[in-house]
Every structure is written in structure tokens, then in C-alpha cells.
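Each residue takes its place number in the sequence, starting with 1.
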Amino acid sequence: GARVYETSATPHKQSLLKMEKIYPECILKRLLPHFILYTKRKISGQLLNKLEAGYAMGESMAQRIIFPIRNKQGKIHGFSGRHVFWEEGMTQPKWRHLGGSSNFVWPLYMPNFPECEQTIADSGRVFLVESIGDSMALSESGVPNNLCMFGLKLSPKIITELVRLGVGRITLSLNKDEAGNGQMAMAKAALSLLAHFPLEVIEIKEPTRNDIGAMLCRGDDIKGWAEEKGITGEALLSYIKERSEHFPKKYQPLIKKYLK
């Protein structure tokens with residue numbers, strides 16, 4: 001299999017930094033263009049190629065469509081793979097990540113997908129979504145100014161990039177589920193963002209179906225939905241407050257500062 005080697009963006013500080021794994025480019029040459037899992041969900045082969053995706057045959061990512069994750073220097077520092085044959089009850093996870101997903105800022109640094117950063121710069125807006133599928137559904141619908149959270153937690157790395165990009169509107173749109181996990185996660189993420197951005201910058205916008213990928217499959221007008229105003233201002237604070245009693249203790253300082 002491909003050998004992983006370690007490097008650092010700042011060699012003179014190697015003793016102070018945790019070394020980041022970097023994966024060789026030759027891994028991408030072994031991927032196959034088997035995209036039916038996504039093309040039947042109305043994701044184009046053109047977009048998948050831009051994102052350097054492909055079907056993996058062997059090792060830990062076997063039977064998955066995998067997506068390389070690049071860092072700011074353009075190096076591959078991780079992969080995310082979706083099992084093609086996954087079903088409820090399987091021992092294999094639906095998604096598997098290689099590398100530290102808490103450091104992923106995708107698809108921002110993908111060299112063949114400059115639309116992401118360019119549209120963020122032009123519009124001053126970014127959508128934060130739960131999965132790669134949701135991200136691609138937005139991009140396929142003409143909304144490439146989005147970042148994937150790879151789950152329900154908003155990482156400090158993504159917050160740092162949002163500050164760097166100087167965005168003026170951040171839209172949280174995670175999946176809707178019966179247990180309310182997505183709504184709870186959006187409330188937590190919005191509260192975390194309040195420590196770095198004014199209230200008027202942040203909004204929550206629940207998908208009209210379970211997730212944005214389902215909206216694309218059903219032919220919904222995602223671009224029109226994206227242009228509509230979400231939950232903002234005092235309504236946003238109420239949305240957070242309604243769920244804040246279930247937040248972990250680490251959120252208490254933020255609750256006291258912004259919700260009291």
C-alpha cells in the first residue's frame with residue numbers, strides 16, 4: 001500500500017508542533033471513476049472529477065468513493081470515504097476518515113475547484129453543512145460557497161478560516177432528524193460563532209427535507225431556498241436558548257455572555 005510520510009509546514013518549529021501526516025499524490029492515480037452512487041443522486045461526474053474523487057479497491061478504504069482533503073499548501077492531509085454498499089446495521093461505518101478530520105477545511109483548498117473560495121470572496125457568505133454529500137448538492141445547485149463540517153461539531157479550524165476569509169454571513173444548515181441532533185448541533189455551532197462574529201452575521205437555515213442531498217434528489221429549487229432568509233437575530237438567540245439546557249458545561253461561559 002501507499003506509504004505515509006510526515007512533514008511540517010514550519011520545519012523550524014517541529015519540536016513544538018504535532019507532525020501532520022501527508023499522503024502521496026500517487027494514491028489518486030489508483031482510484032476508479034465509478035460514481036454511480038452519486039450520479040444517481042444527481043451529482044455530476046464533472047463535479048466529482050473536480051474534487052478528485054474516486055472509487056478505492058483496497059486497504060482500509062476498500063469499496064468506498066473517497067475524497068482527498070488538501071491543506072492550505074495543497075498537500076493531501078486526509079481522505080474521507082463513503083461506503084458504496086453501506087446499509088443500516090452494517091459493522092462497517094458509512095463514512096471513514098483518514099487524517100484528522102478536525103483539521104479539514106473542505107472543499108476550500110481543492111486546486112480544481114476554485115469556485116468555492118471565489119464565491120465566498122464575491123458573496124461574503126458561506127454555508128456550513130454536515131456532509132460531503134450536502135456540500136456537493138449545494139455546489140451542483142450553483143452554491144459552491146460552502147464548507148463541510150464532517151459531522152455535527154464545528155471545528156476551531158473552520159472558525160479560524162471563516163475569520164480569515166472575513167465573511168459577512170454564515171449559514172448553518174445541518175441535517176434534520178427525528179431526534180433533533182442536527183438542530184441541537186446548529187444551536188451549539190451558532191453559539192460558538194457568537195464568540196467571533198456579530199449576531200447579524202450568523203443564521204440557521206434548516207433544509208426543507210432531511211438534508212440538502214435529499215432536496216437535490218427531489219428536484220427542489222436549492223438556489224432559491226439558499227437565497228431566502230433563515231433564522232437570525234433575536235429569533236436565532238431564542239433558537240439557541242431553547243436548546244441550551246442540554247449543552248455540555250463548556251458552553252456555560254458563552255451562555256452567560258450571550259443568552260442572559
Side-chain angles (χ1 to χ4, degrees), residues 18 20-21 66-72 77-83 86 93-110 116 120 125-138 145-165 167 169-197 199 201-207 210-213 230-231 236-237 239-259:
K18 183 179 179 181
E20 181 177 57
K21 289 182 179 179
I66 68 172
F67 297 80
I69 314 295
R70 295 184 181 272
N71 61 20
K72 194 177 290 189
H77 69 146
F79 287 92
S80 185
R82 206 281 195 188
H83 201 294
W86 184 86
K94 184 177 181 179
W95 284 94
R96 174 169 285 161
H97 309 305
L98 294 181
S101 60
S102 61
N103 288 320
F104 294 172
V105 187
W106 185 94
L108 188 61
Y109 305 130
M110 300 307 291
C116 177
I120 292 172
R125 185 186 188 190
V126 65
F127 282 81
L128 299 179
V129 298
E130 187 171 328
S131 73
I132 282 178
D134 296 321
S135 170
M136 291 193 297
L138 277 176
N145 47 319
N146 68 78
L147 297 176
C148 177
M149 287 171 45
F150 294 93
L152 296 173
K153 294 181 180 178
L154 178 59
S155 70
K157 180 71 173 178
I158 288 180
I159 293 176
T160 299
E161 283 303 297
L162 294 174
V163 172
R164 180 187 70 83
L165 291 164
V167 294
R169 187 178 178 189
I170 301 168
T171 304
L172 288 153
S173 189
L174 306 187
N175 300 357
K176 286 197 297 189
D177 55 85
E178 290 183 6
N181 295 323
Q183 291 92 330
M184 182 69 70
M186 285 190 285
K188 290 177 184 175
L191 183 58
S192 297
L193 288 168
L194 279 172
H196 305 274
F197 294 93
L199 175 61
V201 169
I202 306 159
E203 74 175 343
I204 284 175
K205 194 167 184 58
E206 296 183 359
N210 288 350
D211 55 47
I212 301 170
I231 301 168
L236 176 65
L237 292 178
Y239 187 101
I240 299 169
K241 195 168 186 177
E242 287 168 9
R243 295 162 176 82
S244 61
E245 64 183 60
H246 303 292
F247 288 7
K249 286 185 178 180
K250 68 176 183 178
Y251 289 94
Q252 288 306 311
L254 292 174
I255 290 170
K256 288 179 181 179
K257 184 172 183 179
Y258 298 107
L259 301 183

Discussion item. Determine whether F104 and I158 satisfy the following criterion, side-chain contact (heavy atoms from CB on, under 4.5 Å), listing intermediate values before the conclusion.
Written reply: CA-CA 8 Å; F104 294 172; I158 288 180; over 6 Å; no

Discussion item. Once rounded to the nearest 0.5 Å, what's the spacing between atom CG of L162 and atom CD1 of I170?
Written reply: 4.5 Å

Item to complete: Taking the side chain as every heavy atom from C-beta outward, state whether V129 and M149 have any pair of such atoms under 4.5 Å apart.
Response: no

Worksheet item: Are the side chains of R70 and H77 in touch, meaning some heavy atoms are under 4.5 Å apart?
Response: no

Discussion item. I'd like to know if the side chain of D134 reaches the main chain of G213, judged simply by a donor and an acceptor atom lying under 3.5 Å from each other, with no hydrogens or angles considered.
Written reply: yes

Worksheet entry | pair T171-R169: side-chain heavy atoms closer than 4.5 Å | yes

Worksheet item: D177 and N181: which non-hydrogen atoms are nearest, and at how many Å?
Response: OD1-N, 2.9 Å

Practice prompt. Mind running salt bridge (charged side-chain N to carboxylate O under 4.0 Å, His left out) on E203 and R125 for me, showing each step along the way?
Written response: CA-CA 11 Å; E203 74 175 343; R125 185 186 188 190; 2.8 Å; yes

Worksheet item: Within 45 degrees of the axis of the six-membered ring of Y239 and under 6.0 Å from its centre: does R243 put its NZ or CZ there?
Response: yes

Discussion item. Return the OH to NZ distance between Y109 and K72, rounded to the nearest 0.5 Å.
Written reply: 4.5 Å

Discussion item. Looking at K94 and H83, would you say the former's side chain and the latter's main chain have a donor-acceptor pair under 3.5 Å?
Written reply: no

Worksheet item: Is there a side-chain contact between N210 and N175 (heavy atoms, below 4.5 Å)?
Response: no

Worksheet item: Out of curiosity, T160 OG1 to L165 CG, how far, rounded to the nearest 0.5 Å?
Response: 11.0 Å

Discussion item. If you apply the rule side-chain contact (heavy atoms from CB on, under 4.5 Å), what do you find for H97 with F79, and how did you get there?
Written reply: CA-CA 6 Å; H97 309 305; F79 287 92; over 6 Å; no

Fill in: Closest non-hydrogen atom pair between V167 and V201, with its separation
O-CG1, 4.2 Å

Worksheet item: Going from OG on S102 to CG on L154, what distance comes out if it is rounded to the nearest 0.5 angstrom?
Response: 11.5 Å

Worksheet item: Given C116 and N146, is the side-chain contact (heavy atoms from CB on, under 4.5 Å) satisfied, shown in steps?
Response: CA-CA 7 Å; C116 177; N146 68 78; 6.0 Å; no

Worksheet item: Within a strict 4.5 Å, meaning less than it, do heavy atoms of the S135 and E130 side chains meet?
Response: no

Worksheet item: Short question: side chain of S173, backbone of K205 - any donor-acceptor pair under 3.5 Å?
Response: yes

Item to complete: Measure the shortest side-chain to side-chain distance between L147 and W106 over non-hydrogen atoms and say whether it is less than 4.5 angstrom.
Response: no

Worksheet item: Any side-chain heavy atom of I212 within less than 4.5 Å of one from F127?
Response: no

Discussion item. Restricting to non-hydrogen atoms, name the atom on A190 and the atom on I204 that form the minimum distance, rounded to 0.1 Å.
Written reply: CB-CD1, 4.3 Å

Worksheet item: Are side-chain heavy atoms of M110 and P68 found at a separation under 4.5 Å?
Response: yes

Worksheet entry | Over 12 foreign heavy atoms within 6.0 Å of NZ, K241 | no

Discussion item. Can you give me the closest heavy-atom contact between K188 and Y251, atom names plus distance?
Written reply: CB-OH, 3.7 Å

Response to the item:
Shortest non-hydrogen pair, C148 vs I132, comes out as SG-N, 3.6 Å

Practice prompt. Under the side-chain contact (heavy atoms from CB on, under 4.5 Å) rule, what do L98 and I66 come out as? Steps first, then yes or no, please.
Written response: CA-CA 10 Å; L98 294 181; I66 68 172; over 6 Å; no

Worksheet item: At what distance, to the nearest 0.5 angstrom, does OG of S155 lie from CG of N103?
Response: 7.5 Å

Worksheet item: Quick one: CD on E242 to CD on Q183, what's the gap to the nearest 0.5 Å?
Response: 11.5 Å

Worksheet, complete the sentence: Note: L254 and A195 closest approach over all heavy atoms is CD2-CB, 3.8 Å

